[in-house]
Amino acid sequence: MNYEEARAFLDEVGKTGSVLGLESMKELLKRLENPQNQLKFIHISGTNGKGSELAFLSEILTEAGYRTGRYISPTLYSYRERIQVDGEWIDRESLAHYVAVVKEAIEAIEADGLSVPTVFEVETAISFLYFCDKKCDIVMLETGMGGTLDATNVVKTTILEVIASIGMDHMGFLGNTLGEIAANKAGIIKPDTCVVSAKQEPEAETVIRQVSEQMHAQLSMVDPEQLSEVQYGYEKQSFTYKNWKNVEITLAGTYQIVNAALALEAVEALRKLGYALSEEQVRTGMKRATWRGRFSVIHKNPVVVIDGAHNPAAATVLRASLETYFKGKKLYYIFGVFADKDYEKVIEITAPLAEQIITVQTPDNPRALPAEELKCAVEKVNPKVSSAKNIEEAVKRTMDVVKKEDVIVAFGSLSFLSLVDHAVNG
């Protein structure tokens, strides 16, 4: 099997969609001799900020000399970005090899009349095989959706759980209240482990504390009161948290300060578990961390920002960042979302700030909301809106009207942001 054949197979499996539950995942891994049991994991759940935690902690661990696997979803620039070791994407040949191995196991499952795994389950299994063969010391494992019934939650060798900020998202799958969603996200907590959590809304915090107690897991929670000397900037930011003085990060977005504080709580937990992480290694890793597509500045004069704000919580922090960094500047939006998101609330939060908005439809995705339909929704909040046939047209039309001191913000679904980057930078 070559890379193209492997991708074609994965695309075919992808047509089955998402199915929550662990039975088919457990069956697949059993036939692959349970590679996940040979690995140690830092498991990350939450609604917003999972990727930032993964970025901070991966860089710190790699800097400290630990062979670090990363499993992330969704990805922005390449399919192979999903599976990395020390920041290096899986190569085409390895991906094809592991797809062939998993395909054989799936054919045996089918022959026995059992349900076939979803594409996310297949990708997760491939990552476990790869990380085993690469002899990773530790794997940063990001949940796909939720926690309790997420395919990644088959792991039993977790050393630390990280719970990023929890908000209202995927309600059809995870629950209709913040408490229900929090219970789902906290489902990754394993007995007698360490847990670190962002500061949560009271309803979510109560659930996380209850689950940690039930699991005899040691919980640390970010204390925003101990954040001080915060310096915001879209090129670099710095802050002091507890005993960590003047920590510098290059991840932009005002919300990254609290994400960074959560990463430092995770560092302290890892140190207690015996991981040797010097102050210099932590500071270097924090500064080196990047997370493309999360308030990323991809162009200057004019400034162009791409951001994956696709739910109300993410839209709120996007607005806060825009108001902090670009006060008094004219903002021009390129905006596209999936139809199953709470896009009307996202519009309500973000649209009032814009000088002009161009709506787009995310290409090649059945969940994408048509650009014209999105335009009609935006019109109710800001009449200065039009739709574009494609991403390239939206970028060209926006670039034609902005001045050098203005700001372009492309946001919504992560899946179209790489096309914006390509249209802007070639």
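Just so it is clear, the values below take in all heavy atoms, side chains as well, and ignore hydrogens, waters and symmetry mates. Sequence positions, counted from 1, serve as the residue numbers for this chain.
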Please examine the side chains of Glu161 and Thr193, heavy atoms only from C-beta on, and report whether any two atoms are closer than 4.5 Å. yes
Without swapping roles, check the side chain of Asp133 against the backbone of Tyr130 for a donor-acceptor pair under 3.5 Å. no
Look up atom CD1 in Ile189 and atom SG in Cys194, then write down how far apart they are to the nearest 0.5 Å. 11.5 Å
Expected output: side-chain Tyr71 to main-chain Thr124 donor-acceptor under 3.5 Å: yes
Looking at CD1 of Ile188 and NE2 of His43, how far apart are the two atoms once the value is rounded to the nearest 0.5 Å? 5.0 Å
Are the side chain of Asn153 and the backbone N or O of Gly187 linked by a donor-acceptor pair below 3.5 Å? yes
Restricting to non-hydrogen atoms, name the atom on Val222 and the atom on Ala198 that form the minimum distance, rounded to 0.1 Å. CG2-CA, 4.2 Å
Expected output: side-chain Arg70 to main-chain Gln84 donor-acceptor under 3.5 Å: no
Over all atoms of both residues, closest heavy-atom pair of Gly293 and Leu414: O-CD2, 3.8 Å
Run the numbers on Ile166 and Ile181 for side chain to side chain contact (heavy atoms under 4.5 Å, CB included), then give the verdict. CA-CA 8 Å; Ile166 295 172; Ile181 292 170; 3.9 Å; yes
Looking only at side-chain N and O atoms, does Asn311 offer a donor or acceptor that is under 3.5 Å from a partner on Asp342? no
Between Asp86 (side chain) and Thr68 (backbone), is there a donor-acceptor pair under 3.5 Å? yes
Taking everything shown except Lys375 itself, do over 12 heavy atoms lie less than 6.0 Å from its NZ? yes
Would Leu322 and Thr350 satisfy side chain to side chain contact (heavy atoms under 4.5 Å, CB included), going step by step from the backbone distance to the final call? CA-CA 10 Å; Leu322 294 174; Thr350 57; over 6 Å; no
For Asp400, I'd like to know if atom CG has over 12 heavy atoms of other residues, nucleotides or ligands within 6.0 Å. yes
Spatial distance of atom CG (Leu28) from atom CG (Leu114) [nearest 0.5 Å]: 11.5 Å
Answer yes or no: is there a side-chain heavy-atom contact under 4.5 Å between Glu248 and Lys236? yes
Determine, stepwise, if the pair Tyr98 / Phe128 fulfils ring pair (Phe, Tyr, Trp, His ring centres under 6.0 Å). CA-CA 10 Å; Tyr98 293 110; Phe128 293 160; over 10 Å; no
Can a donor-acceptor pair be found between the side chains of Arg397 and Ser386 at a distance below 3.5 Å? yes
Within a radius of less than 6.0 Å around CD of Glu104, do more than 12 heavy atoms belonging to other residues, nucleotides or ligands occur? no
I'd like to check Ile208 versus Gln200 (side-chain heavy atoms, cut-off strictly below 4.5 Å). Are they in contact? yes
Would the number of heavy atoms belonging to other residues, nucleotides or ligands and lying under 6.0 Å from CD of Glu225 be above 12? no
Looking at Glu229 and Lys245, does any basic side-chain N land under 4.0 Å from a carboxylate oxygen? no
Test Arg283 against Glu280 for salt bridge (charged side-chain N to carboxylate O under 4.0 Å, His left out), laying out the working first. CA-CA 5 Å; Arg283 287 180 179 276; Glu280 187 182 347; over 6 Å; no
Show, in sequence, the C-alpha distance, side-chain angles and deciding distance for Cys132 and Leu39, and conclude whether the side chain to side chain contact (heavy atoms under 4.5 Å, CB included) test is met. CA-CA 7 Å; Cys132 270; Leu39 297 162; 3.9 Å; yes
Side chain Lys185, main chain Gly46, donor-acceptor under 3.5 Å: yes
Looking only at heavy atoms, the pair that brings Ile257 and Ser238 closest together is CD1-O, 4.3 Å
Output every pair passing ring pair (Phe, Tyr, Trp, His ring centres under 6.0 Å) with a member in residues 361-419, not counting sequence neighbours, ordered by first then second residue. Tyr333-Phe411, Phe335-Phe411
For Leu369 and Glu373, which heavy atoms make the closest approach, and how far apart are they? CD1-OE2, 3.4 Å
Would you call Glu53 and Lys50 a salt bridge, using N to O less than 4.0 angstrom? no
Whether Glu268 and Lys242 form a salt bridge (side-chain N of Lys/Arg under 4.0 Å from carboxylate O of Asp/Glu) is what I want to check. no
In this structure, OG of Ser58 is separated from CD of Glu63 (nearest 0.5 Å) by 13.0 Å
For a side-chain contact (heavy atoms from CB on, under 4.5 Å) with Phe56, tell me which candidate from Arg288, Gln256, Lys287 qualifies. Gln256
Main chain of Gly167, side chain of Thr47: is a donor-acceptor contact present, judged purely on distance under 3.5 Å? yes
Does atom CD (Glu201) have a neighbourhood of more than 12 heavy atoms from anything else shown, all under 6.0 Å? no
Distance-only donor-acceptor check, side chains Gln281 and Ser278, under 3.5 Å: yes
Walk me through whether Val85 and Ile90 qualify under side chain to side chain contact (heavy atoms under 4.5 Å, CB included). CA-CA 8 Å; Val85 173; Ile90 187 171; over 6 Å; no
Whether Glu348 and Lys345 form a salt bridge (side-chain N of Lys/Arg under 4.0 Å from carboxylate O of Asp/Glu) is what I want to check. yes
Give a yes or no on whether the ring-centroid distance for Tyr343 and Phe338 is below 6.0 angstrom. no
Between CD1 of Ile42 and CD of Glu142, what distance do you get to the nearest 0.5 Å? 13.0 Å
Any sub-3.5 Å donor-acceptor pair from Ser296's side-chain atoms to Ile298's backbone N or O? no
Any side-chain donor-acceptor pair under 3.5 Å between Gln226 and Trp244? no
Cationic N near anionic O, under 4.0 Å, Asp340 to Arg367: yes
Polar side chain donor-acceptor pair, Asp421 to Ser418, under 3.5 angstrom: no
Heavy-atom nearest pair, Val360 first then Asn390, reads CG1-O, 4.2 Å
Looking at OG of Ser165 and CG of Asn259, how far apart are the two atoms once the value is rounded to the nearest 0.5 Å? 8.0 Å
Any side-chain heavy atom of Arg67 within less than 4.5 Å of one from Lys134? yes
Checking the side chain of His97 only, and the main-chain atoms of Leu95 only, is there a donor and an acceptor separated by less than 3.5 Å? no
Inspect the surroundings of CD in Glu88 and state if more than 12 heavy atoms from other residues, nucleotides or ligands are less than 6.0 Å away. no
The side-chain contact (heavy atoms from CB on, under 4.5 Å) partner of Ile357 among Leu331, Leu374, Val385 is Val385
Ring pair (Phe, Tyr, Trp, His ring centres under 6.0 Å) evaluation trace for Phe295 with Tyr255: CA-CA 10 Å; Phe295 211 93; Tyr255 52 89; 7.1 Å; no
If I compare all heavy atoms of Gly253 with all of Ser321, which pair ends up nearest, and what's the gap? CA-OG, 3.5 Å
Examine distances only and state if a side-chain atom of Glu81 and a backbone atom of Tyr77 form a donor-acceptor pair shorter than 3.5 Å. yes
I'd like to know if Lys327 pairs up with Glu323 as an ion pair, taking the criterion as any Lys NZ or Arg NE/NH1/NH2 lying under 4.0 Å from an Asp or Glu carboxylate oxygen. no
